[in-house]
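A short write-up of the structure that comes next.
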Amino acid sequence: AKSAGGNRAELADPEADARAITRHGLTTALPTALERGEFFIEYQPLVHLGDGSVRGAEALVRWLHPQHGVLGPDRFIPLAEHTGLIVPLGRWVLEESIRQARAWRERHGGQCGPLRINVNLSPCQLGHPGLVQDTVEILERAGVTPDALCLEVTESALIGADDDLLKPLRRLAEMGVDIALDDFGTGYSNLANLRRLPVSILKLDRSFTQGMQRFPADPVDLKIVEGIVSLAHSLDLAVTVEGVETGAQAEQLRILGCDTAQGWYYARPGPPERLHDLTLVDATG
Ligand code: C2E
Ligand code: CA
Ligand code: CA
Ligand code: CA
């Protein structure tokens, strides 16, 4: 098998070629795409597990590519990170979604409580010296207070992060911006390490939610989530769960003490208008 495959391995794999060409094509098209306004944002509601109310939404970027149609972030964020375009792209996402948060707040006034916006931050943006200044300016220009913003940083981006990398996050947290640790539980970080980080929210990775699909859930999965929630709460951290697809998952996660949930069960990511009518989200199970 080795000798037969040996030759073949040297031949070009047409599919891999096509993927590489697309990757190359997408990479070179990224800067003009930003200039031409081909990116757009979908919003997915964050729902309070206790009372079912919508507390905010996560901004998720998409690319309406003129040839390939709508591309998800997994297709182009890594390319943008590689070329550095993630810095202006991330700034655009922040600006656009803060503008949206302002519109929601105006629409709902105090009636539905302040809607907050969650924005993903790439590790490259964390290392960029303009982060704090840009964020302050964007908030001021939109007339939005920092407490309306939550920045999501992945656990893996902060593992082993030195103080230089944490400093901008600390400054933002001091200003009142919430920092969430995204994809929590996938990064093998030392739990004691959490105290060092300026985070106020743990976003439990979807893999944990998947373990809650059966009812009753696997007892080991239950124990793990229970442990994470009690640790988080003892450190004064709120727990958000993502990838909630069924009412059974929502119910188990609520019983386990998770605070906020996000997932297809409540709503798929969608246009900002959907968040105008908060009653559209039926979280009563
Ligand atoms: P993430 O931050 O972990 O976002 C959650 C992902 O789960 C989103 O995928 C969302 O559409 C998907 N999702 C939500 N509910 C469910 C559910 O119930 N079931 C399942 N199976 N999936 C669900 P999406 O939109 O494709 O985004 C993928 C990743 O791309 C995000 O993962 C985030 O890491 C990154 N990303 C998205 N927007 C941005 C951005 O503006 N900047 C940066 N740096 N990264 C972004
Ligand atoms: Ca996220
Ligand atoms: Ca996540
Ligand atoms: Ca993820």
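We number each residue from 1, following the sequence as shown. Every number for a ligand or one of its atoms is a count from 1 in the order of the listing.
- Close contacts between ligand 1 and E58 involve ligand atoms 2 (O), 4 (O) [criterion: under 4.0 Å to a heavy atom].
- The OD1 atom of D182 and the OE2 atom of E242 meet at the Ca ion (ligand 3) at an angle of about 120°, given to 10°.
- L64 belongs to a hydrophobic cluster whose remaining members, ordered by chain and number, are F40, V70; membership requires side-chain heavy atoms of ILVMFWY residues under 4.5 Å apart, directly or through intermediates.
- Close contacts of ligand 1 with R62, meaning ligand atoms under 4.0 Å from a residue heavy atom, involve 11 (O), 25 (O).
- The part of V93 lying near ligand 1 is the side chain, judged by heavy-atom distances below 4.0 Å.
- Considering backbone and side-chain N/O atoms, G263 never comes within less than 3.5 Å of an N/O atom of ligand 1.
- With hydrogens and angles disregarded, a donor-acceptor distance shorter than 3.5 Å links the side chain of Q249 to the backbone of E245.
- Here Q44 has side-chain heavy atoms under 4.0 Å from ligand 1, and that is the only part of it that gets that close.
- Less than 4.0 angstrom separates some heavy atom of V61 from each of these atoms of ligand 1: 38 (N), 39 (C), 40 (C), 41 (O).
- Of the candidates R206, E152, Q249, it is R206 that places a heavy atom closest to atom 12 (C) of ligand 1.
- Atoms of ligand 1 lying under 4.0 Å from any heavy atom of V244, numbered from 1 in the order shown and given with element: 18 (O).
- The proximity of D182 to ligand 1, defined as any non-hydrogen pair under 4.0 Å, is limited to the side chain.
- No side-chain donor from either of Q210 and D221 sits under 3.5 Å from a side-chain acceptor of the other.
- Close approach to E242 involves these atoms of ligand 1, each under 4.0 Å from a residue heavy atom: 3 (O).
- For the Ca ion (ligand 2), the set of nearby N, O or S atoms under 3.0 Å includes none belonging to T154.
- Distances from ligand 1 to the non-hydrogen atoms of G72 include no value under 4.0 Å.
- No continuous path of ILVMFWY side-chain contacts below 4.5 Å connects I201 to V241, so the two sit in separate hydrophobic clusters.
- Under the 4.0 Å criterion applied to side-chain N and carboxylate O atoms, E251 and R254 are assigned as salt-bridge partners.
- Residues Q133 and E137 have side chains that bring a donor and an acceptor to within less than 3.5 angstrom of each other.
- For the residue pair T154 / D183, no side-chain donor-acceptor distance below 3.5 Å is found, with atom types taken as modelled.
- Using a 4.0 Å cut-off between a side-chain N of Lys or Arg and a carboxylate O of Asp or Glu, E106 and R102 qualify as a salt bridge.
- Through direct or relayed side-chain contacts under 4.5 Å between Ile, Leu, Val, Met, Phe, Trp and Tyr, I255 connects to no other residue.
- The ligand atoms of ligand 1 that sit less than 4.0 angstrom from a heavy atom of P73 are 24 (P), 25 (O), 26 (O), 27 (O), 28 (C), 30 (O), 36 (N), 37 (C).
- Rounded to the nearest 10 degrees, the angle OE1 (E152) to the Ca ion (ligand 2) to OE2 (E58) equals 90°.
- Around atom 3 (O) of ligand 1, the closest heavy atom drawn from D183, L89, T209 belongs to D183.
- Which parts of ligand 1 touch P269 is read off a 4.0 Å heavy-atom cut-off, strictly below it: atoms 11 (O).
- M212 CE to L256 CG: the interatomic distance, rounded to the nearest 0.5 Å, is 6.0 Å.
- For ligand 1, the polar-atom distance check against Q262 finds no nitrogen or oxygen pair separated by under 3.5 Å.
- The shortest N or O to N or O distance between W264 and ligand 1 is below 3.5 Å.
- Defined by atom type and a distance below 3.5 Å, a donor-acceptor pair is present between the side-chain atoms of E38 and W63.
- Taking 4.0 Å as the cut-off between side-chain N and carboxylate O, E42 and R268 do not count as a salt-bridged pair.
- The nearest N/O/S atom of D183 to the Ca ion (ligand 3) is OD1.
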